[in-house]
Amino acid sequence: MNSTPATIDQTREGSLIQYGALPYRLRETGDVDYLVVTSRGTGRWILPKGGLVKGKTAGQSAMQEALEEAGVRGRLHGEPIGIYRTTKQRPRPLSVTVLLFALRVEEMLDHWPEKGQRIRKWANLAELDELLTDDGAAQLIAKFDRIMRVDISGRSSRN
């Protein structure tokens, strides 16, 4: 990965803090698709995430991870959509707290830093339920999906 953490951020419980992106796109039908990538170690389907990049905010760090891991650029929603906990499978399991930001994808790159190390896949909410193993991430995405469906139907002014 090209980014280097500014510090090793940890919660009081000792888990690592990371900043994640939920890349999504809106279809003309009103449906929302989400982009997931495989992890480098286990090949599990995950969301792009990583440590705080030196000189960048939490949101900018999440955008950087989306670029490096999934090859996408876009517009970040201002505030995080929530927090979830997961486990990184390193030599020994490590607890990770992820601050998740929604990223509306505006550009998909043909070449990106981790292209040869990961597979990316667009999936709707039902497909994500089968792909993701992180229940916390899946719950946040389901909540976001409900909000987006309300927005698309014209009952809200969110972008």
Query raised in the report: Which heavy atom of A21 sits nearest a heavy atom of A62, and at what distance?
Result: CB-O, 3.6 Å

Query raised in the report: Is it true that the side chains of D145 and Y34 contain a donor and an acceptor less than 3.5 Å apart?
Result: yes

Report task. Please check if I17 and I83 belong to a single hydrophobic cluster, counting links between Ile, Leu, Val, Met, Phe, Trp and Tyr side chain heavy atoms closer than 4.5 Å. Result -> yes

Query raised in the report: Can you check whether E106 reaches R25 side chain to side chain, under 4.5 Å on heavy atoms?
Result: no

Query raised in the report: Cluster question for you: counting only ILVMFWY and a side-chain heavy-atom cut-off of under 4.5 Å, with indirect links fine, are I119 and L132 together?
Result: yes

Report task. Quick one: closest heavy-atom pair of A70 and R120, and the distance? Result -> O-NH1, 2.8 Å

Report task. Quick one: closest heavy-atom pair of T38 and G43, and the distance? Result -> CG2-O, 3.6 Å

Query raised in the report: By salt bridge (Lys or Arg N to Asp or Glu O under 4.0 Å), which residues pair with E130, not counting sequence neighbours?
Result: none

Report summary line: Between N124 and R27, the two heavy atoms sitting closest are CB-NH2, 4.4 Å

Query - Same apolar cluster: L26 and F144, side chain cutoff 4.5 Å - result: yes

**Report entry** E79 atom CD, neighbour heavy-atom count above 12 within 6.0 Å
**Finding:** no

Requested in this report: May I have the step-by-step check of side-chain contact (heavy atoms from CB on, under 4.5 Å) for L125 and I141, ending in yes or no?
Outcome: CA-CA 8 Å; L125 187 61; I141 295 167; 3.9 Å; yes

Query - Cluster check V98, Y24: I/L/V/M/F/W/Y, side chain < 4.5 angstrom - result: yes

Query raised in the report: Would you say the side chain of K49 lies within less than 4.5 Å of the side chain of Y19, judging by non-hydrogen atoms?
Result: no

Query raised in the report: Is there a side-chain contact between P80 and L100 (heavy atoms, below 4.5 Å)?
Result: no

Query raised in the report: Do the side-chain N and O atoms of Q64 and E68 include a donor-acceptor pair separated by under 3.5 angstrom?
Result: yes

Requested in this report: Supply the atom-to-atom distance Q139 CD to D134 CG, rounded to the nearest 0.5 angstrom.
Outcome: 10.5 Å

Query - Qualifying residues under side-chain contact (heavy atoms from CB on, under 4.5 Å), relative to K121, sequence neighbours excluded - result: V36, W45, L131

Query - Student check: side-chain heavy atoms of L67 and V72 closer than 4.5 Å - result: no

**Report entry** Inter-residue atom distance Q117.CD - E114.CD, 0.5 Å rounding
**Finding:** 5.0 Å

**Report entry** Straight-line distance of T87 OG1 to L16 CG, nearest 0.5 Å
**Finding:** 11.5 Å

Query raised in the report: Judged by atom type as modelled, is there a donor-acceptor pair below 3.5 Å linking the side chain of K115 to the main-chain atoms of D110?
Result: yes

Report task. Please tell me if the side chains of L47 and V37 come closer than 4.5 Å, counting only heavy atoms from C-beta onward. Result -> no

Query raised in the report: Do the side-chain N and O atoms of T97 and R85 include a donor-acceptor pair separated by under 3.5 angstrom?
Result: yes

Requested in this report: Output the distance between atom OG (S95) and atom NZ (K88), rounded to the nearest 0.5 Å.
Outcome: 11.5 Å

**Report entry** salt bridge (Lys or Arg N to Asp or Glu O under 4.0 Å) partners for E107, two or more places apart
**Finding:** R73

Report summary line: Heavy atoms of G136 and Y84 approach each other most closely as C-CB, 3.5 Å

Report task. Look up atom OG1 in T57 and atom CG in L52, then write down how far apart they are to the nearest 0.5 Å. Result -> 8.0 Å

Report summary line: Minimal heavy-atom distance between A102 and I81, with the atoms involved, is CB-CG2, 4.0 Å

Query - Pairwise side-chain contact, F101 with M63, heavy-atom cut-off 4.5 Å (strictly under) - result: no

Requested in this report: Output yes when R118 and E69 qualify as a salt bridge under the 4.0 Å nitrogen-oxygen rule, no when they do not.
Outcome: yes

**Report entry** Under 3.5 Å: donor-acceptor pair, side chain of S39, backbone of R44
**Finding:** yes

Report task. Quick one: pull up CG in L35 and CG in L22 and give me the separation to the nearest 0.5 Å. Result -> 9.5 Å

